[in-house]
Amino acid sequence: MRWLALAFVLPGLLSCGGPGSAAVARQPVTHTITIEAVAFSPGELTVKAGDSIVWVNKDPFPHTVTSKASGFDSSTMQPDQSWTLTPSAPGEMSYVCTLHPNMKGKIRVQ
C-alpha cells in the first residue's frame with residue numbers, strides 16, 4: 001500500500017508545470033556603479049531587462065553618465081549624488097562622463 005500511495009503523490013510533487021502551477025517571477029535587482037578616482041567601477045556590467053542601475057558619485061567633483069547612442073544622460077552629478085537607470089530592453093549601452101571623456105563604461109542588458 002505504501003508504494004501505491006507514493007505513485008499517486010510523487011507525480012504531483014515532481015511536476016514542474018501544467019494547470020494550477022504558478023511560475024516564480026524573477027524580482028528586479030539593483031546594481032551599483034561607483035564613480036571614484038575618475039573611473040566607473042565596475043567599468044562593464046551585465047544586467048537583466050527591468051533591473052535598476054544606480055551610479056553613485058564618490059569623487060569630490062562632478063561627473064555625468066551619458067550615452068548619446070542609447071539616449072540617456074544623468075546631467076551633472078555633484079559629489080555624493082546618485083542617478084538611476086532601469087533599462088527595459090536587451091542590448092548594449094556604452095556611456096561616458098562628458099566632463100571627463102576618458103571615463104567610459106558599458107552596460108549589457110539581457
Indicate yes or no: at least one non-hydrogen side-chain atom of S94 is less than 4.5 angstrom from one of K106.
yes
Yes or no on ring pair (Phe, Tyr, Trp, His ring centres under 6.0 Å) for F61 and H100, after CA distance, side-chain angles and deciding distance?
CA-CA 11 Å; F61 39 83; H100 308 95; 5.7 Å; yes
Could you please spell out the steps behind the side chain to side chain contact (heavy atoms under 4.5 Å, CB included) verdict for Q110 and T46?
CA-CA 7 Å; Q110 299 176 336; T46 301; 3.4 Å; yes
Are V38 and M103 packed together at the side-chain level, in the sense that at least one heavy-atom pair is separated by less than 4.5 angstrom?
yes
Side-chain donor or acceptor of N57 paired with backbone N/O of Q81 under 3.5 Å:
no
Please tell me whether M93 and V96 are part of a single hydrophobic cluster in this structure, the criterion being side-chain heavy atoms less than 4.5 Å apart.
no
Pairwise distance CD1(I35) to CG(D59) - rounded to 0.5 angstrom:
8.0 Å
Heavy-atom distance under 4.5 Å between the side chains of V65 and I33, does that happen here?
no
Is there a donor-acceptor contact under 3.5 Å linking the side chains of S52 and T84?
no
Do D51 and T86 come close enough that some side-chain heavy atom pair is under 4.5 Å?
no
Going by heavy atoms in the side chains, are V29 and K48 under 4.5 Å from each other?
no
Taking the side chain as C-beta and beyond, is there a heavy-atom pair between K104 and F40 under 4.5 Å?
no
Evaluate the ring planes of F72 and Y95, with Trp represented by its six-membered ring, and classify them as parallel (under 30°), tilted (30 to 60°) or perpendicular (over 60°).
tilted
Okay, side chain of T64, backbone of T76: is any donor-acceptor separation there less than 3.5 Å?
no
Just so I know, are the side chains of P62 and L99 near enough to count as touching, which here means a heavy-atom distance under 4.5 Å?
yes
Do any N or O atoms from the side chain of S82 and from the backbone of V56 form a donor-acceptor pair under 3.5 angstrom?
no
